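The structure appears below as structure tokens.
This is a predicted model, so every value here is computed, not measured. So that the names make sense, note that chain A is the first sequence line, chain B the second, and so on, each numbered from 1.
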Amino acid sequence: MNNEALKELLYKMADDLLILGHRNSEWTGLGPLLEEDIAFSSMAQDKIGQSYALYQMLQTIGEQEPDTAAFTRTANQFHNCQLVELPNGEYDFSLIRHFLFDTADALRWQMLAQSAYEPLAQLARKIRGELRYHTLHANTWIQQLGTATDESISRLQTSLAYALPFALGIFEESPYENDVISSGIFGGEQELKIKWIKKIDEIISQTQLQLPPIPTLSPVYGGRIGKHTGHLQPLLNEMSEVFRIDPSAEW
Amino acid sequence: MYGGGNTFEGIKTDSLASEDPVQMAAFEARIARGEKIEPTDWMPQLYRKQLIRMIEQHAHSEIIGALPEGTWITRAPGFKRKMALMAKVQDEVGHAQLLYSAAETLGKPREQMIDDLINGKSKYSNVFNYPTFTWADCCFISWLVDAGAIVNQLANAKGSYGPYCRALDRICAEESFHLKYGHHCVIYLASGTQNQRDLFQEALNRWWPPMMHFFGPSDKISAHTEILMRWKVKMGTNDDMRNQFLDMYVPKIWELGFTIPDPLLKKNPETGTWEYTEPDWEEFKRVINGDGPCNKERLQVRRIAEERGRWVREALKAPQDKYVMPLA
């Protein structure tokens, strides 16, 4: 098994979950209704907990301990896709991002339940259950708001058009793509993307939203090789503000 | 939990004259026997009004209280603190949800309560009108403001209105975890570097006066609320609550080696009660009436959240052609 390939996969997943969890947590106290405030907070907790588990796994194969990995790297050392670092914007964008990302994430963990890397397969079997609620939440809201008022439909449609190219960046391939596939660690980004398109189409087609033809879109790549928007470094600065006062201190 | 420190202004008892004396006697006898009053039971208008006011104020304190701590979720140092603080603040928002539901049983819709919060008609706990400058301020709230709230809420949970008591029982159970979390954070600051100790000492110096204010004005100057005590709406005097808090937490603060910024603070061995410098009640009044360091900011954040979320709430009300079964 190629250790570098495994690390690359674990880092990009961990970084995606940490950054999106952080963004979700920014809804605390500000949700459009209390119930959504609470729901985004639950998903934030799950995602950050999942990222923690992945950083712990990385530590077992020679990487730094989780707090150091998460709180001391700079933006160009993060491998998350750019979709997750974008600011929350209005609720329509946050919801669309949650739908697009979590649909892919749920499918990814399903695929990983068969991973040849047993610790990852075990974690996947545990996390699949959590993800079920995330996609249930996303699908329910997309169906509700995607069929409700002119304003809700038009807001969701605009956010969908904006977010889709970034969402395709989830599937940016790594230099180790063939290695992870041939070693049975993960079925690969292409396979995941095909499943994802089928799934989001299935949900969107039950609403009044239109899914643009995916092949006509230009994916936003770069996140997986450390190229980010200007939004990531300020997020990391904020996240590590207290930690950096004294990284050797215990808090 | 953030509730407590309710302010009871002078109440008008005029409406009592028009209440049915037989019903009133039966109502008071039930409360005296320790029975709970339920939403469909007969109750005097004044009881209903004061309970709505109190539960609503408590619910608002929960959502406004989520703001000063919530702002530290994105800055919490390390995974464990980040996850715990997210869960803690989420609980507080959940408490607001429970409490708005309890208040709704008395006939005031949640939307109307939130409108009254935003337009300044109803109050929330004064303590949240102060800023959280550092991580240690956030730890102070998690430990000591929550501790103060528990003192109040354990008392209120023995009150007479069933739905409020049941909500408080659930809330207190969660609060006890918050208290442990907050204490744990402060222990780490206390046993950490000099810088960490200084951070907490400074936070303690800043937060002590609002903490003393938290339980409400001294009994000497607060409004007479005998009837609310008889009806078990208000369960203890402000000074009793303050004294209980001091008795439980001053020794714990001293044990960690911190000093409390009040040279007169000491327990009187004869009376068993705490003596302290009289808090500045003029400042309390000024802040509760809108002129504190963060009042405008807190309400502004809430107002913006409500405005930005309006289209979502409207969309929920839109009639659906058909009920869509959730997928996945």
Side-chain angles (χ1 to χ4, degrees), chain A residues 21-22 25-26 28-38 41-42 44-45 48-49 51-52 55 66-67 70-71 90-92 95 106 132-133 135-141 143-145 147-149 151-153 155 202-203 206-207 235 238-246 248-251, chain B residues 63-67 69-83 85-87 89-94 96-97 100 110 114 134-135 185 188-189 191-193 195-196 199 301-302 304-306 308-322 324-328:
Chain A
H22 183 98
S25 79
E26 291 175 346
T28 307
L30 307 172
L33 57 164
L34 293 181
E35 287 73 7
E36 271 310 273
D37 215 301
I38 293 166
S41 178
S42 284
Q45 289 167 56
I48 292 187
S51 77
Y52 185 51
Y55 290 121
D67 281 345
F71 290 82
E90 297 289 325
Y91 181 74
D92 45 84
L95 174 63
R132 203 178 155 269
Y133 290 97
T135 52
L136 181 64
H137 177 267
N139 296 348
T140 306
W141 276 92
Q143 287 174 323
Q144 177 76 30
L145 297 184
T147 54
T149 62
E151 183 179 7
S152 70
I153 294 163
R155 276 174 172 271
E202 181 190 322
I203 307 296
Q206 295 172 49
T207 67
L235 178 153
E238 183 177 334
M239 189 166 82
S240 59
E241 185 186 307
V242 181
F243 193 83
R244 274 185 289 113
I245 293 175
D246 186 351
S248 65
E250 289 204 60
W251 294 93
Chain B
I63 51 170
I64 295 291
L67 302 177
E69 279 185 297
T71 176
W72 286 94
I73 290 175
T74 55
R75 294 178 273 177
F79 274 100
K80 286 179 185 164
R81 294 295 183 222
K82 198 173 176 73
M83 290 193 284
L85 183 60
M86 281 194 286
V89 182
Q90 181 192 37
D91 281 353
E92 310 296 6
V93 180
Q97 190 192 20
Y100 283 124
R110 190 205 281 185
I114 290 179
T134 70
W135 168 249
C185 289
Y188 271 70
L189 294 177
S191 54
T193 63
N195 192 2
Q196 285 174 302
L199 274 178
V301 169
R302 196 64 248 161
I304 291 170
E306 285 304 302
R308 287 172 66 194
R310 182 164 295 121
W311 69 272
V312 181
R313 296 190 299 278
E314 291 298 324
L316 289 181
K317 286 190 245 163
Q320 295 273 306
D321 292 338
K322 57 181 173 28
V324 188
M325 281 292 285
L327 289 175

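The two atoms that bring Leu145(A) and Ala315(B) nearest to each other are CD2-CB, 3.3 Å, heavy atoms only. Residues Ala87(B) and Gln45(A) approach most closely at CB-OE1, 3.4 Å, considering heavy atoms. Heavy-atom minimum distance, Phe243(A) versus Gly78(B): CD1-N, 4.1 Å. Between Ser25(A) and Ile73(B), the shortest heavy-atom distance links the atoms OG-CG2, 3.6 Å.
With hydrogens and angles ignored, the 3.5 Å screen pairs no side-chain donor or acceptor of Glu92(B) with any backbone N or O of Gly29(A). Panel note: side chain Gln90(B), backbone Ile38(A); a donor-acceptor pair is recorded below 3.5 Å.
In this structure Tyr91(A) satisfies the side chain to side chain donor-acceptor pair (under 3.5 Å) test together with Glu36(A), sequence neighbours excluded. For the side chain to side chain donor-acceptor pair (under 3.5 Å) test, no residue two or more places apart in sequence or in another chain qualifies with Trp135(B).
Between Asn195(B) and Ile245(A) there is a side-chain heavy-atom pair separated by less than 4.5 Å. Considering only heavy atoms from C-beta on, Thr28(A) stays 4.5 Å or farther from Met86(B) through its side chain.
With a threshold of 4.5 angstrom between heavy atoms, Asp91(B) does not approach chain A through any atom at all. For a residue to count as touching a neighbouring chain, one of its non-hydrogen atoms must lie under 4.5 Å from one of that chain's; by this rule Lys82(B) touches chain A with the side chain only. With a 4.5 Å cut-off on non-hydrogen atoms, Ile114(B) does not touch chain A at all. When heavy atoms are compared at a cutoff of 4.5 Å, Tyr55(A) approaches chain B solely by way of its side chain, counted from C-beta outward. For Arg244(A), no part lies near chain B; criterion is any non-hydrogen pair under 4.5 Å. With a 4.5 Å cut-off on non-hydrogen atoms, Arg75(B) touches chain A through its backbone and its side chain both. Only the side chain of Arg302(B) has a heavy atom closer than 4.5 Å to any heavy atom of chain A. For chain B, no part of Ser248(A) is nearby; none of its heavy atoms comes within less than 4.5 Å. Looking at Phe71(A), the atoms closer than 4.5 Å to chain B (heavy atoms on both sides) all sit in the side chain, from C-beta outward.
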Steps toward side chain to side chain contact (heavy atoms under 4.5 Å, CB included) verdict (Leu95(A), Val312(B)): CA-CA 11 Å; Leu95(A) 174 63; Val312(B) 181; over 6 Å; no
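Rounding to the nearest 0.5 angstrom, the gap separating the CD atom in Glu241(A) from the OG1 atom in Thr134(B) is 10.0 Å. Within the model, atoms CG of Leu33(A) and CZ of Arg310(B) stand 13.0 Å from one another, a figure rounded to the nearest 0.5 Å. Rounding to the nearest 0.5 Å places NE2 of His22(A) at 5.0 Å from OG1 of Thr74(B). To the nearest 0.5 Å, atom CZ of residue Arg81(B) and atom CD of residue Glu250(A) are 9.5 Å apart.
Among Ile304(B), Val301(B), Ile63(B), the single residue meeting the side chain to side chain contact (heavy atoms under 4.5 Å, CB included) criterion with Leu30(A) is Val301(B).
Contacts with chain B were tallied for Trp251(A), Tyr52(A), Tyr133(A); Trp251(A) has the most, counting heavy-atom pairs under 4.5 Å. By number of non-hydrogen pairs under 4.5 angstrom with chain A, the leading residue of Lys317(B), Lys80(B), Arg110(B) is Arg110(B). Highest contact tally toward chain A, considering only Gly309(B), Pro77(B), Ala96(B), is held by Pro77(B) [criterion: heavy-atom pairs under 4.5 Å].
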